[in-house]
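This report concerns only the one structure given below.
Counting starts at 1 for both ligands and their atoms, in listed order.
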Amino acid sequence: MKAALLVLLLLSCSETVVPTRVFPALSHLKPQKGDDVQTAAVRELLARLLGGRASEFSVTVNSSLAEGGRDTYRLSSGAGGTVLVVGSSGVAAASGCYTYLKAFCGAHLSWSGAQLQLPPALPPVPAPLTRSAPHRFHYYQNVCTSSYSFVWWDWARWEKEIDWMALSGINMPLAFTGQEAIWYKVYLSLGLNESEIFDFFTGPAFLAWGRMGNIHTWGGPLSISWMEKRLSLQLQITERMRSLGMITVLPAFAGHIPEGILRVFPKVTVSRLGGWSNFNCTYSCSYLLDPEDPLFQWIGELFLSQMVQSFGTDHIYSADTFNEMSPTSSDPGYLSAVSGAIFKSMAKVDPDAIWLMQGWLFINNPSFWQPAQTKALLHGAPIGRIIVLDLFAETVPVYLTTESFYGQPFIWCMLNNFGGNHGLFGNIEGVNRGPFDAAKFPNSTMVGTGLTPEGIEQNDMIYEFMNEIGWSSQPINLTKWISNYSDRRYGQSNTDARMAWQILLRSVYNCTQILHNHNHSPLVRRPSLNMNTDICYNKADIYEAWRFMHNASFALGKSATFLYDLVDITREAVQQLVSEYYLEIKEAYGKKSLQQLMTAGGVLVYDLLPELDSLLSSQPGFLLGSWLKAAKSMASTPAEAALYDMNARNQITLWGPTGNILDYANKQYGGLVQDYYTERWGLFVWFLVQSLNKGEHFNQDKFNKAVFVLEEDFVYNGKEYMASPTGDTLEIANKIYLKYQPYARKRFLRRNKGLELNL
Ligand SMILES: *[C@@H]1O[C@H](CO)[C@@H](O)[C@H](O)[C@H]1NC(C)=O
Ligand SMILES: *[C@@H]1O[C@H](CO)[C@@H](O)[C@H](O)[C@H]1NC(C)=O
Ligand SMILES: *[C@@H]1O[C@H](CO)[C@@H](O)[C@H](O)[C@H]1NC(C)=O
Ligand SMILES: *[C@@H]1O[C@H](CO)[C@@H](O)[C@H](O)[C@H]1NC(C)=O
Ligand SMILES: *[C@@H]1O[C@H](CO)[C@@H](O)[C@H](O)[C@H]1NC(C)=O
Ligand SMILES: *[C@@H]1O[C@H](CO)[C@@H](O)[C@H](O)[C@H]1NC(C)=O
Ligand SMILES: *[C@@H]1O[C@H](CO)[C@@H](O)[C@H](O)[C@H]1NC(C)=O
Ligand SMILES: *[C@@H]1O[C@H](CO)[C@@H](O)[C@H](O)[C@H]1NC(C)=O
């Protein structure tokens, strides 16, 4: 009965497939490996995921199953209680397996953990079930993810991620690891010396922006051993991705060059870009080689042919020349020539080259990218030879204002996260509607959906939802879906947990305002008297969800994913409480009430933040020590270890030598809350107390100078942090709840008189 209903639910998805515009120029973008290789790769994946239970699945890849080139799988029951899965590619087959595990076994897989308790016998599939993805491509990664999240990953972590990609139906990932080794060779062969090359590369944690020409040098130098290790990692990554039938996207030359090129080729035509994001020319102001200069073709070809020779190719390449930096001329002729030259340098090495371009520039600088400029840039290559990532489409869809990228194909992407910040966030309605609206847009050129978070390992729910949307042909019923998510995630149906998720769905996950996905809570920002405490939902909802999670902890306290969420939701409630205490502190300062100031400041600095730190320290997913340990484990000498430690700390705090992009990539990690955020809140309260005592105004500049000393000390002090959790999560969460829920209630009711609340 139940199973039959599920099949109906699944089947209903294949009825209203919106036909995707077919671009013949893209027909060669498909798995390169044979069906047998892909079959073996999916079987191995299942064995990693399910151990012995994998043998109850019979998986094969048969590329002739693909519907119009789109990934397709078929589920059915075989002899002896086995489940038969046929996929048109490794990804399609893996995605079919995960769909079965979700829909028939109530299983769940996420960055923060898995819930894979299977029933003793696998439930039969009542009638064979075939499902095709509505679009050809399911893309994953932002160029920044390689720094914010993947920077310290080893093969074991990559293997897990590639498994997750395949199970989630992702068939087009970036494969950006290891490119510095290739650049190093290319620049040496052009006659640059080692110091010129090493001076150009940034440190590991900042490579994403080095590659885009935003900065150079900062956090470096890279070592030869780093480059070699990354190169062999990239070989493993590309091999595995391809064996699962993924189309890997390799980097190509975008025009940014080391200064040393000017010494070797004094006659070359370059422009020098300005400083990026509060960086001056010490670490910024890159040189951009004029795409019409013959050297552009030469470097582009050298680099790409080396890449292809080293890693093979799936014929699609990523290059972003003007990411957050304006071209020197807005003349459409110039812009077409620029993109024409970039494309030509790819096509010369690989006649089948497709250029994958991030559409971020159109959002970042809309006043420059007027219709004429945008069209010129996009028409520099033949139609079908550029795929644009509509990078932040759940919030700022660019296809709408560019006549669907003036005919070039595009991929509708959900960005959702900036800087890898912790913080619950989602624009769930935009995600649930957006891809369908985009496909129906007049003369739509949409060819896929994707995920483009700057950082991962937060908000598991919304990414799983987006992955399902990518395979769905109509919006999903959110109310039903979220209850099911809660059941699957914790391995049992629990009314309180379901309620918590329903509330989160209508609050933190129903935010449409741009930039709220960047955590600007006072908790994680340098204190001042003008902090932004806006949120995009009813704050009572978080306290309410917290109450339900607290109540659910009696029943679900043994589930690892539940404990993660309990910490995460308590963290979100505490983050909101920090705003409340901040407002009290500010009010007390305004009223010159020393006592109120010391009370509110004292609770914040000596109790609430330390409690949050101990809560975070009790869960493996929230440890500063893990981030730092991963960094140091990539080092081959003590000096390198110290440099990587600095890189890891600087990225999540000062982001640059002087706080250039201060707290952009803020995290809420056990260790970081205590030794960074709490320290500066302590100093802030002390400054305010001093000003009241002396009858002087609080001086922000003086405070900034003083607090910078603490911030910088954190980055360089080398203190060790535990990389394994300590303390009992349930106990600590319970203590915080009992202590602070009454305050939340009082504080909330005071400012919202008359609101009926069931806190
Ligand atoms: C693949 O599917 C096609 C069409 O359904 C079928 O004719 C062929 O036998 C299958 N190949 C294998 C190896 O099962
Ligand atoms: C919802 O969750 C239950 C329990 O985990 C599971 O058995 C069921 O298959 C799921 N339903 C759907 C439609 O995915
Ligand atoms: C590399 O070249 C620069 C000039 O651009 C020079 O100052 C430097 O000494 C050279 N370094 C080495 C190691 O040769
Ligand atoms: C540029 O920044 C660096 C460090 O970030 C600093 O040492 C230097 O003084 C700055 N230069 C100028 C001209 O401001
Ligand atoms: C769609 O394309 C057709 C054929 O190129 C064109 O005639 C029509 O105007 C386009 N429609 C819109 C809404 O752009
Ligand atoms: C979603 O499902 C719920 C529960 O079955 C139902 O009450 C609701 O009307 C559905 N919503 C939509 C928009 O169909
Ligand atoms: C999100 O908010 C909109 C507008 O307020 C509302 O119509 C919609 O039902 C909300 N969605 C959810 C999932 O609560
Ligand atoms: C709390 O959970 C218990 C069972 O775990 C349940 O009986 C009770 O109704 C819940 N109370 C609230 C207020 O949610």
State, with a plain yes or no, whether a side-chain heavy atom of W183 is found less than 4.5 Å away from one of F200.
-> no
Quick one: which ligand 1 atoms are inside 4.0 Å of a heavy atom on S64?
-> 1 (C), 2 (O), 3 (C), 4 (C)
Side-chain heavy atoms of L478 within contact of E429, under 4.5 Å = yes
If you draw a 6.0 Å radius around CD in E259, do more than 12 non-hydrogen atoms from other residues or ligands fall strictly inside?
-> no
Is the NZ atom of K30 crowded by more than 12 outside heavy atoms at less than 6.0 Å?
-> no
Check whether any side-chain heavy atom of W412 sits under 4.5 Å from a side-chain heavy atom of H135, and report yes or no.
-> no
Parallel, tilted or perpendicular: which fits the ring planes of W276 and W209, with parallel below 30° and perpendicular above 60°?
-> parallel
Ligand 6 to N477, heavy atom cutoff 4.0 Å, flagged ligand atoms 1 (C), 2 (O), 3 (C), 8 (C), 10 (C), 11 (N), 12 (C), 14 (O)
Salt bridge (Lys or Arg N to Asp or Glu O under 4.0 Å) partners of R48, counting only residues at least two apart = E159, D163
Residue shell for ligand 3, any heavy atom closer than 4.0 Å, reads N193, S195, E196, R263
